[in-house]
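Have a look at this one before I ask anything.
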Amino acid sequence: PIFEAGAKFPVKLGKYDLTGGEVVRNKLVGGNVVAQITEDSDQGSQVIEFFDVPPGEHLLYVPVTQLDPKSYLGRALGYARETLPSHTLKLADGTEHRPVGRFAIAKIQGQWWLECRYLDEFARTGESALPRFEKLQRQHLTQDDTTLVYLFLVPSGGRPKEIVRAGKDSIDLSKFDVVAPQ
């Protein structure tokens, strides 16, 4: 798990399909992004370079393969797809936070694709679960070179302690000794 300075988007994108959201000043405010990653992916009229993060909070990137490295990615993904919205990130102060987004990068017929789901402020305050991926299906996400990352908002100074998983043991994050910047 890492905090990304400036909440960088995984790939600079100028060519993408965006539904249910918007891009403001190169920041993804919310929505569903699908894009083929090519040499000129960063060219376009409204480039996405960052996630929009509320003041006083930081974005924590949690790669699924690092959550449970002994797990086969497909099994982890299948389980995460069905249940991670009910999973929470528990901080040292006892507060729990639901995921606010996720992204994956995978190959489809030899071409790299990115798909990202990011909840805007309105969706985060409701009981909205993360939408399922549409372009990247399970067979694409079970490949060894696939990246799957969940996103959590953490207040400044927050210390991630564990990922609480329904019906399974929690995943201890305290060994990483991560603290959200002030």
Side-chain angles (χ1 to χ4, degrees), residues 1-10 28 30-33 50-106 114-134 136-182:
I2 56 169
F3 287 100
E4 178 65 46
K8 284 187 180 177
F9 200 72
L28 177 64
N32 305 324
V33 176
F50 304 97
F51 289 101
D52 185 52
V53 177
E57 296 190 289
H58 300 274
L59 201 59
L60 176 69
Y61 296 63
V62 182
V64 167
T65 52
Q66 289 183 14
L67 285 180
D68 195 357
K70 296 177 188 169
S71 165
Y72 174 62
L73 179 60
R75 196 174 326 127
L77 174 68
Y79 185 75
R81 178 184 293 164
E82 303 304 324
T83 63
L84 197 56
S86 66
H87 287 32
T88 57
L89 173 70
K90 189 172 188 177
L91 302 182
D93 67 4
T95 59
E96 294 190 24
H97 302 262
R98 293 181 308 154
V100 296
R102 71 173 167 217
F103 65 84
I105 299 173
L114 173 135
E115 188 159 1
C116 177
R117 302 291 185 245
Y118 189 60
L119 300 178
D120 62 18
E121 186 176 0
F122 178 75
R124 288 192 298 262
T125 59
E127 290 297 316
S128 297
L130 294 174
R132 292 177 183 250
F133 289 133
E134 295 173 11
L136 298 179
Q137 301 297 314
R138 185 178 178 123
Q139 69 267 23
H140 308 125
L141 297 169
T142 56
Q143 302 170 81
D144 289 338
D145 52 0
T146 294
T147 299
L148 175 63
V149 176
Y150 278 82
L151 306 168
F152 294 89
L153 286 175
V154 177
S156 293
R159 291 182 170 275
K161 179 181 175 185
E162 63 186 328
I163 300 284
V164 179
R165 304 185 299 171
K168 290 191 120 182
D169 292 338
S170 294
I171 299 167
D172 181 26
L173 300 176
S174 59
K175 61 185 172 193
F176 295 105
D177 195 29
V178 176
V179 180
Q182 290 288 344

Is any side-chain heavy atom of V100 closer than 4.5 Å to a side-chain heavy atom of F152? no
Among residues at least two apart in sequence or on other chains, which ones pass salt bridge (Lys or Arg N to Asp or Glu O under 4.0 Å) with D177? R159
Answer whether the closest heavy-atom distance between the side chains of F9 and L114 falls below 4.5 Å. yes
What pair of heavy atoms forms the shortest contact from E134 to E115, and how long is it? N-OE2, 2.6 Å
Which residues share a ring-ring contact (aromatic ring centres under 6.0 Å, His included) with Y118, sequence neighbours left out: F51
List for me each residue that meets side-chain contact (heavy atoms from CB on, under 4.5 Å) alongside E121, sequence neighbours excluded, and say none if there are none. R124
Taking side-chain contact (heavy atoms from CB on, under 4.5 Å) as the test, write out the residues that go with D93, two or more places apart. L91, T95
What is the distance from atom NE2 of H97 to atom CD1 of I163, rounded to the nearest 0.5 Å? 11.0 Å
Side-chain heavy-atom pair L89, L173 within 4.5 angstrom cut-off: yes
Might you point out which heavy atoms bring A106 and L136 nearest each other, and give the distance in Å? CB-CD2, 4.1 Å
Kindly compute the distance separating CG (L130) from CZ (R98), expressed to the nearest 0.5 Å. 8.5 Å
Heavy-atom pair with the smallest gap, counting every atom of P99 and Y150: CB-CD2, 4.2 Å
Please enumerate all residues that pass side-chain contact (heavy atoms from CB on, under 4.5 Å) together with K161, with sequence neighbours excluded. none
Separation between CG (D169) and CD (E162), nearest 0.5 Å, reads 10.0 Å
Looking only at heavy atoms, what is the nearest atom pair of N32 and P131, with distance? OD1-CG, 3.9 Å
Test F103 against L28 for side chain to side chain contact (heavy atoms under 4.5 Å, CB included), laying out the working first. CA-CA 13 Å; F103 65 84; L28 177 64; over 6 Å; no
Among all residues two or more places apart in sequence or in another chain, which pass the side-chain contact (heavy atoms from CB on, under 4.5 Å) test with S156? H58, Q182
Considering non-hydrogen atoms only, spot the tightest contact between S174 and D172 and give its length. OG-OD1, 2.5 Å
Between R132 and R102, which heavy-atom pair has the shortest distance, and what is it? CA-NH2, 3.2 Å
Check: V149 and P10 side chains under 4.5 Å, non-hydrogen atoms: no
